[in-house]
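Below is one structure, written out as C-alpha cells; comments come after it.
Just so you know, these numbers use all the heavy atoms, side chains as well, and skip hydrogens, waters and symmetry mates.
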Amino acid sequence: NIEIYDCPPNNLRNYRRGWDFAGTKGGGDYSATVHLADDVEGNVWILDAVDQQVSSNDLRKWIKSNMIIDGRQTFTSMPQDPGQAGKDQANSMSREFQGNRFEFTTESGDKITRAEPIASQVNVGNVKMIKGEWNKRFVEQLRMFPNAKNDDLVDALSRAYNSGFRTTTKKKSKVFM
C-alpha cells in the first residue's frame, strides 16, 4: 500500500531520521537509517532508507554525514543501550553531533509493537515513498517482517516514525546563558 513517487511534494514538514545500530561489521545485522517527513495532508513520506554493515567508527561518520546533508530541519533519533556502555556511547557521540537536533532513547516494547503505528498508516495508504535504488530492499523487509532474516530497516522506520510524536509534543526548553 505504499505509493512510489519520483519526487516529494513541496509541502513537507516534521523531518526526522531514525537509526538502528548493529554491533559489528560483516555478518549478521546491519546498521540502518530511514528519513521521513509529513505533508500537510497528513501523509508520511519515506525519503530515504539505507542499511549497511559498518564498523562503529564508520557508523559515526555515516550519522554525521547524514546530519550535514539533512540539515537542522531534521530531527535524528538513535537507540541507546540501557546499560553503562550505552550511556557512554551516547555521551561520546553527542559531542560529535553538536549543533544538530537529536536524541538517544532506549527501546521500549518489542519490535512488532514499535512497528504497529507506522504499519497502520501503511495499511490505510497514508505512506508514500520516493523512488530510489533502495526501494526493493526496503519493501522486501517490510513484506517479510517480522520473519525476515534482517529487519533493521523496519526498526529504523519505526524509530523515525515514532520520534515524530516526541518532537512535535515536547515543551520547548529554556535557554540559559
Main-chain N/O of Asp88 paired with Ser92 side-chain donor or acceptor, under 3.5 Å: no
Nearest-0.5 Å distance, CG of residue Asp6 to NZ of residue Lys131: 5.5 Å
Residues, nucleotides or ligands: over 12 heavy atoms within 6.0 Å of Glu133 CD: no
Cluster link Ile46 to Val122, ILVMFWY, side chain under 4.5 Å: yes
Short side-chain to backbone donor-acceptor contact, Gln80 and Ala90, under 3.5 Å: no
Check: Asp155 side chain, Ala115 main-chain N or O, donor-acceptor pair, under 3.5 Å: no
CD on Gln53 to CG on Asp29, rounded to 0.5 Å: 8.5 Å
Donor-acceptor contact below 3.5 Å, side chain Asp151 vs main chain Val154: no
Arg16 side chain to Ala160 backbone, donor-acceptor under 3.5 Å: yes
Phe138 vs Asn135 side-chain heavy atoms within contact, under 4.5 Å: no
Lys128 (side chain) donor-acceptor with Tyr5 (main chain) under 3.5 angstrom: no
Test log, rule side chain to side chain contact (heavy atoms under 4.5 Å, CB included), inputs Val34 and Trp134: CA-CA 11 Å; Val34 175; Trp134 51 271; over 6 Å; no
N/O donor-acceptor pair under 3.5 Å between Asn162 side chain and Arg114 backbone: yes
Euclidean distance, Asp20 CG relative to Asp152 CG, rounded to 0.5 Å: 5.0 Å
Between Glu103 and Ser77: side-chain donor-acceptor atoms closer than 3.5 Å: yes
Side chain to side chain, Asn100 and Lys64, heavy atoms closer than 4.5 Å: yes
Closest non-hydrogen atom pair, Ile130 against Cys7: CD1-C, 3.5 Å
Asn10 atom CG: more than 12 heavy-atom contacts under 6.0 Å: no
Trace of the side chain to side chain contact (heavy atoms under 4.5 Å, CB included) decision for Ile112 with Phe145: CA-CA 8 Å; Ile112 294 170; Phe145 183 80; 4.2 Å; yes
Closest non-hydrogen atom pair, Trp45 against Pro8: CZ3-CA, 4.1 Å
Same cluster (ILVMFWY, side-chain, under 4.5 Å), Ile4 and Ile118: yes
Phe102 side chain reached by Met93 side chain, heavy atoms, under 4.5 Å: no
Intermediate values then yes/no, side chain to side chain contact (heavy atoms under 4.5 Å, CB included), Glu107 and Arg159: CA-CA 9 Å; Glu107 299 292 9; Arg159 176 168 277 280; 3.3 Å; yes
Val50 reachable from Phe21 in the ILVMFWY side-chain graph, under 4.5 Å edges: yes
Arg60 vs Val54 side-chain heavy atoms within contact, under 4.5 Å: no
Arg101 side chain vs Gln73 backbone, donor-acceptor pair below 3.5 Å: yes
Between CD on residue Gln89 and CG on residue Leu59, distance to nearest 0.5 Å: 7.5 Å
Hphob cluster co-occupancy, Leu36 + Met78, side-chain heavy atoms under 4.5 angstrom: no
Value rounded to 0.5 Å, distance of CG in Asp70 from OG in Ser65: 8.5 Å
Within-4.5 Å side-chain heavy-atom neighbours: Gln141 and Leu157: no
Cluster overlap Phe75 with Trp19, hydrophobic side-chain contacts below 4.5 Å: no
Main-chain N/O of Gly125 paired with Asn1 side-chain donor or acceptor, under 3.5 Å: no
Greater than 12 external heavy atoms within 6.0 Å of Lys87's NZ: no
Thr76 and Phe97: CA distance, side-chain angles, deciding distance, side chain to side chain contact (heavy atoms under 4.5 Å, CB included) verdict: CA-CA 10 Å; Thr76 300; Phe97 304 150; over 6 Å; no
Glu41 backbone acceptor or donor facing Asp39 side chain under 3.5 Å: yes
Thr33 OG1 to Ile63 CD1 distance, which is reported to the nearest 0.5 Å: 8.0 Å
Minimum heavy-atom distance Phe104-Ser94, with the two atoms named: CE1-OG, 3.5 Å
Member of Asp48, Asn66, Thr74 meeting the side chain to side chain donor-acceptor pair (under 3.5 Å) criterion with His35: Thr74
